[in-house]
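The structure appears right after this line, and notes come after that.
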Amino acid sequence: MFIYLFWFGRVHVYPCGRVKVLYLILSKKGVIILPDIYAKAGGVTNMQAFMWNEEKVNEELKKYMTKAFHSIKNMCRTQESNLRMGSFTLGVSRVACSTVLKGWEA
């Protein structure tokens, strides 16, 4: 398992066998810990094989990552939770909305 820290303006990835313990310690110290789903989100770009230069890719990536971060932060404010739980709640709510829209209500 890994933990993703936002430290000095950059995302740092650390392997950690005891993520829960480290998460609690760092949270108490005020370290921003990014949810893994968000930290990994920028890893796959240009799936549609557009002929973009690096500037265009970075511009689009920044747009989508900023939008995703604001969505997570809004969920955190609504649920009064940390980034990890906010991203989890946002993901579950999006899946729930999709299943309802497809008519797969339980």
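None of the values given here were measured: they were computed from a predicted structure.
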Query - side chain to side chain contact (heavy atoms under 4.5 Å, CB included) partners for T89, two or more places apart - result: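 Applying side chain to side chain contact (heavy atoms under 4.5 Å, CB included) to T89 gives M75, Q79, M85.
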
Query raised in the report: Which pairs count as side-chain hydrogen bond (donor to acceptor under 3.5 Å, both in side chains) when at least one residue sits in residues 60-69, sequence neighbours excluded?
Result: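 Every side-chain hydrogen bond (donor to acceptor under 3.5 Å, both in side chains) pair that includes a residue of residues 60-69, provided the two are not neighbours, is K56-E60, E60-K63.
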
Give, for atom [atom1] of [X] and atom [atom2] of [Y], the distance between the pair rounded to the nearest 0.5 Å.
{"X": "N82", "Y": "I72", "atom1": "CG", "atom2": "CD1", "answer": "11.0 Å"}
{"X": "F88", "Y": "S81", "atom1": "CZ", "atom2": "OG", "answer": "11.5 Å"}
{"X": "S87", "Y": "F69", "atom1": "OG", "atom2": "CZ", "answer": "11.0 Å"}
{"X": "S27", "Y": "R84", "atom1": "OG", "atom2": "CZ", "answer": "9.0 Å"}

Requested in this report: Go through the structure and list residues passing side chain to side chain donor-acceptor pair (under 3.5 Å) with N74, not counting sequence neighbours.
Outcome: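 Residues passing side chain to side chain donor-acceptor pair (under 3.5 Å) with N74: R77.
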
